[in-house]
2 protein chains.
Amino acid sequence: MRRQAPVRTTRPTSRDVAAAADVSVATVSYVMNGRTDRRIPDITRDRVLEAAHKLGYVPDRSARMLRRRSTEQVCLVIGGFGVPVLDQMAASLHEVGDRHGFGLITMVVNSPSSARRGIDRLRERVADGVVLAGGLHHVGAAGLDDLVSADIPMMVLSNSAPADGFDVYREPETDAVRDAVDHLVRTGRRSIAYLGHEREVAEFHAGRPVDSDRFAGFVDALESHGLPVRPDLVVPGADGRAEGYRAAAAVLGLPEPPDAIISASSRAAVSAIWAARDLGLTVPSDVAVVGAGTIPEAQVTRPTLSTMGPDDGADFSDAAEMLFDRILHPRHGDWREISRPWTFTARGST
Amino acid sequence: MRRQAPVRTTRPTSRDVAAAADVSVATVSYVMNGRTDRRIPDITRDRVLEAAHKLGYVPDRSARMLRRRSTEQVCLVIGGFGVPVLDQMAASLHEVGDRHGFGLITMVVNSPSSARRGIDRLRERVADGVVLAGGLHHVGAAGLDDLVSADIPMMVLSNSAPADGFDVYREPETDAVRDAVDHLVRTGRRSIAYLGHEREVAEFHAGRPVDSDRFAGFVDALESHGLPVRPDLVVPGADGRAEGYRAAAAVLGLPEPPDAIISASSRAAVSAIWAARDLGLTVPSDVAVVGAGTIPEAQVTRPTLSTMGPDDGADFSDAAEMLFDRILHPRHGDWREISRPWTFTARGST
DNA sequence: CTGTTAGCGCATTCAC
DNA sequence: GTGAATGCGCTAACAG
């Protein structure tokens, strides 16, 4: 049974409802928005509601946006999908956004050109607030300035960006990495491999400064123990499970394999445990493994996975709340920081 | 160095640009939209562009939306985050959306009330098109009707919903499941466990009809081999890695453990392999494992993971293209279906 | 308590 | 080739 094509009459507007309920458009607006500062008698209210329902009236967001000069949407900028921590961020934004009647739009920034497009779109005011959780590198300082000068409330996830023009969310990882390395050295490890993200590793091997709290902490900690940073043990592989497996298998197959692996993502760390076991190695006696980030899986692997991460797991409601606070109560200056230092938790894999 | 708070002068409008360039707002509009049907001399064009740049003019989307009666955004409705296949969908939508100048908004539907809110918001025309990839159960038939009567182009991912009022994307899994079961039985398996999604399993145990192609195929295949469906081997655990591990460990610890496990997600299947190994079992000789869905990891596990899935992996550009086709060339009736039947690929784990 | 009015910023007729 | 005028649908002043 094929459904009838709707009779393409134009959809009803507030004027139509006003006419049907025999009130003014203003009253319709007040009723539809449930405004309590306007005293509308229940009789009138019901008449409007009934007319709206009968006509199938639904307010038009575009018009509301234009008039209110607010979109009631926030934008989450990420570098790509499949990263657990960003799923958490998105979930938190959805959750607190719902409470405020806000929707979420996502934007993927994985190249300079997509960064340019994204910034332009943001400047067109598609959203009342932004969480910059990825692609920061492609956005760059100039892009950040564009966003700041567009005067749009923003929260940036970064350990290095100054809180100037926006709020920032930091997860200082240095101490956790140092603790992890200390722990590994104390238990007799001498050659520690680093499974990093593409960027980190590329910059390191190119001899450029590496903008990574985590990697810097790793290098510092090694040096403070008088241990060398072996370039052949700094490899990419943290960006996915398959990548992690291959990278771990590769370093463990080296003539002088590491006796410990620190991975910049916990999901790659899990893969590293697999790889070790598949090579006939025992974790942790032959090789220790440490992951970065909180994933539930860490508790069910054998051995359980030692991790570095924020104490209270991955929940970003505080970041979301802060963004909405700034959207709802705009003020300039007074930029805030949230800091959630990571700690090292030794479990079975070390 | 603290950045100056911007002088909160109102942002420039096309009128301001027109004045600065000494042209009319119409000309500004034509230039900004790069319209080729209007012949604008380069001199004029450059003057407008220069004025726009100097004033920092950026067109306002809300106004454009209202006037054009289109938002140039599509909406992806999902049931939650962390599902690889949805990441693929989001990536595809972003990709082809970018080509058409469209943005993406996401919506999480994980309860009847969030479904209601989502539908209402969609009816407010926050997006020109919708991909319903999750939460379909909470939306329900009535919700679908609301969306259809709102006359908004839509693509629904479902194996059961009729293509009536919207396009549908199907992934028939029955044949693949049958092939998997056939393969398992042929290689001597007699008790096959099913790691399912929460809903599937709950409905099964409640004795209600299970709206799952995959599960139905599983039951049919077992029966055609004269094998019973053991209720104690139909367990939830496909919704996550940790869940999968626990569920697999539990069934494998049963007095009469299964000799094969079919998991409704490949990531839980990977966990099942872990669990088996941790219990001292060998895969596949002691227990075979099959996963549903394409993940790169399947190739690096030991043994490699036998999976059921679409032949060409997880790519939804065809779905995205179809949605945009309907948005850009609206027509009623003629609802289309894309079907990507799953096949079974035997690898090391069977 | 409710109606009238005036835009929000833009894209699009229709004159010239 | 360009400009003046109109209105998308709604909300917020301001009257009454």
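Computed from a predicted model, the values in this text were never measured in an experiment. Quick note on labels: first sequence line is chain A, next is B, and so on, each numbered from 1.
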Legend entry - Note, B:Phe102 side chain near B:Ile327 side chain (heavy atom, < 4.5 Å): yes

Inset, instruction - Compare side-chain N and O positions of B:Thr27 against OP1 and OP2 of D:dG1 and report whether any pair is under 4.0 Å apart. - result: no

Legend entry - Flag side-chain contact, heavy atom, 4.5 Å: A:Asp128 against A:Ile152: no

Inset, instruction - Let me know the distance between CE of A:Met32 and C1' of D:dA12, rounded to the nearest Å. - result: 17 Å

Legend entry - Per-nucleotide protein contact string for nucleotides 5-10 of chain C (B base, S sugar-phosphate only, - none; heavy atom under 4.0 Å): -BBBBB

Inset, instruction - Indicate yes or no: does A:Arg340 engage A:Asp315 in a salt bridge with an N to O separation below 4.0 Å. - result: no

Inset, instruction - To the nearest Å, give me how far apart CD (A:Glu72) and C1' (D:dT11) are. - result: 12 Å

Inset, instruction - Assign B:Val28 to base, sugar-phosphate, or nothing according to its heavy-atom contacts below 4.0 angstrom with the strands shown. - result: nothing

Inset, instruction - Indicate, with a heavy-atom threshold strictly under 4.0 Å, whether A:Arg35 touches base, sugar-phosphate, or nothing. - result: sugar-phosphate

Legend entry - N-O pairing of B:Asp60 and B:Arg64 below 4.0 Å: no

Inset, instruction - Return the value, rounded to whole Å, for the distance between atom CE of B:Met65 and atom P of D:dC10. - result: 16 Å

Legend entry - Distance (rounded to the nearest 0.5 Å) between B:Arg123 CZ and B:Asp151 CG: 11.0 Å

Inset, instruction - Applying salt bridge (charged side-chain N to carboxylate O under 4.0 Å, His left out) between A:Asp167 and each of A:Arg326, A:Arg336, A:Arg331, report the one that passes. - result: A:Arg326

